[in-house]
Amino acid sequence: MIDPKLLRQSTADVAANLARRGYTFDAAAYLSLEERRKALQMDTEHLQGQRNKSAKSVGKAKAQGEDIQPLLLAIKDLGDQLAASESALQEVQSQLKDIELDLPNLLDASVPDGRDESDNAEVRQWGTPIELPFDARDHIELGENLGMIDFEAASKISGSRFTVMSGPLARLQRALIQLMLDTHTDKHGYEEKYVPYLVHASALVGTGNLPKFEKDLFRTSGETPYYLIPTAEVPVTNLAQDAIFEVGELPKHFVAHTPCFRSEAGSYGQDTKGMIRQHQFEKVELVHFVAADESMAALETLTGHAEAILQKLELPYRVVALCAGDVGFGAAKTYDIEVWLPGQQKYREISSCSNYNDFQARRMKARRRNPDSGKPELIHTLNGSGVAAGRALIAIMENYQNEDGSIRIPIALQPYMGGAESISA
RNA sequence: GGAGAGGUGGCAGAGCGGUUGAAUGCACUGGUCUUGAAAACCAGCAAGGGUUAAUAGCCCUUCGUGGGUUCAAAUCCCACCCUCUCCGCCA
């Protein structure tokens, strides 16, 4: 959520910033609503004050045994007026809230202009795309030839966009997760978290997934539904919900491995084959809670931690700064890390690292105690994949493939694979 | 699933329907005292919102959540949520 104060005081600036995303903000409609809110709120609070005063004087009079009737008569209409005023205010406030929850975050000034993916700016490249001396197979062909990926079995059980993996390949994914968790906890100083995979709607409102992106989520039936998490970002970031971190408690660095569930509604034509885009996938997620003035530096650090995984795996990648039109709803700035996939002859996203500044913190009331003023203030939240395990698995298969269809195991993963050096049929 | 108990400020824990945003204790902050510390004593100490140039004043809201009764609700009524204990079941 954007600071409501900023929104009403600098409406034009906010609108201009959002316009960079291609988002049109109806400032006039907002301002007229805001004007009504102000009038109604002042009225209502005035009436509430009157009620409080009169109730107290009634109490006092009664205590002294005086006649109460004249007092009651004097405020005969107050109750009705107050009720009317309160409900009108409530209505306007909920309309404003709807608008505010629907607004994307303000972009950081360093975000490059642009409309879509094609305008993203490459920041750096690591490694060089591998030239295989034979025609590269994609992970689908490789996996099926090995007999270790079975999309048909998955579709019997659950339909499209699911995968069954077997034997060494299933283990390789587990090894990847293990390596990532170990690296982030041992080398990068993160605290590991195990968190719920089912969450309340309120948690998703906190991170910005709701109310706007309901269709992307899986929801359980029942009176109070649960949602399956689309990313560990949701439960982990919500650890700060309603919290006030005392001086010295920040920064916090958390890492969690979870499955992620996405309905992928609206992505019907894309990546329909293979494991790139699934309803369920494994991911290791990094989350930072930091003071406001530290978040931009933290974004660089966090991105570096994600990159370190790909470097350990010796997978060529590049880092791109998402352009204004491509930055996600709640983010102020995002770096995507894209890994080279020989099977597609393309860089594909394997991690997305974002600074949300106070956008999520405001929604979930995540604060810290300012050491100077002693007053609570919103923290900044960041998160990034470190990295997506399913896609990392694909990258290893395609980059480490041999002509005979076997797959070499990166040195960093061999200890997690019982010392094995390759996977073959 | 059955039976019971309970949800109040950072924690513990009071609270006859009426100057209660809330006693008291602990913790915390500042001060006095002390060579220093402890102890003792004094003072301060919730969050959110509105108004405003203001982190100054003033005002409003908040005692699990949502409704209701009332001039007035932490206190009464209803529903829901959550926690704890015992029994049953279960990985």
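Model, not experiment: these values are computed from the prediction. Order of the sequence lines fixes the chain letters, A, B, ..., with proteins taken first and strands second; residue numbering starts at 1 for each chain.
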Pairing partner (Watson-Crick or G-U wobble, both distances under 3.5 angstrom) of [N]:
N	value
B:rG9	none
B:rA39	none
B:rC58	B:rG50
B:rC33	none
B:rA3	B:rU85
B:rU20	none
B:rA74	none

Evaluate the ring-ring contact (aromatic ring centres under 6.0 Å, His included) criterion for residues A:F213 and A:F329: first the C-alpha distance (whole Å), next the side-chain angles of each, then the deciding distance (0.1 Å), finally the verdict. CA-CA 10 Å; A:F213 304 103; A:F329 176 71; 5.2 Å; yes
Which nucleotide in the set [options] lies at the smallest distance from any side-chain heavy atom of [X]?
X	options	value
A:K56	B:rG50, B:rU19, B:rA72	B:rU19
A:M42	B:rA72, B:rG18, B:rU51	B:rU51
A:A55	B:rG50, B:rA54, B:rC71	B:rC71

Considering only atom [atom1], compute the distance from [N] to [M] and round it to an integer number of Å.
N	M	atom1	answer
B:rU51	B:rA56	P	15 Å
B:rC81	B:rG13	C1'	24 Å
B:rC63	B:rA73	P	11 Å
B:rC33	B:rC42	P	16 Å
B:rU52	B:rA14	P	44 Å
B:rA22	B:rA5	C1'	24 Å
B:rG30	B:rU85	P	40 Å
B:rA54	B:rA40	P	44 Å

Using a cut-off of strictly less than 4.0 Å, decide whether [X] has a side-chain nitrogen or oxygen near OP1 or OP2 of [N].
X	N	answer
A:N52	B:rA72	no
A:R37	B:rU51	yes
A:R362	B:rG49	no
A:R369	B:rU55	no
A:R367	B:rG48	yes
A:K38	B:rU52	yes

Send over the distance from [X] [atom1] to [N] [atom2], rounded to a whole Å.
X	N	atom1	atom2	answer
A:E35	B:rG50	CD	P	17 Å
A:Q9	B:rA54	CD	P	6 Å
A:Q48	B:rG48	CD	P	19 Å
A:I244	B:rA27	CD1	P	21 Å
A:D43	B:rG49	CG	C1'	16 Å
A:E246	B:rU29	CD	P	11 Å
A:E45	B:rU61	CD	P	8 Å
A:Q50	B:rA72	CD	C1'	15 Å

Ring centroid separation for [X] and [Y], is it under 6.0 angstrom?
X	Y	answer
A:F359	A:H380	no
A:Y30	A:F25	yes
A:Y197	A:F261	no

A:Q90 or A:P376, whichever maps to the more 5' nucleotide of RNA chain B: A:P376
Which comes earlier along RNA chain B counting from the 5' end, the contact point of A:E377 or that of A:G79, where each point is its nearest nucleotide? A:E377
Above 12 or not: heavy atoms from other molecules or residues under 6.0 Å from [atom1] of [X]?
X	atom1	value
A:E300	CD	yes
A:K375	NZ	no
A:K365	NZ	no
A:E117	CD	no

Would you mind classifying the nucleic acid contact of A:K53 as base, sugar-phosphate or nothing, using non-hydrogen atoms under 4.0 angstrom? nothing
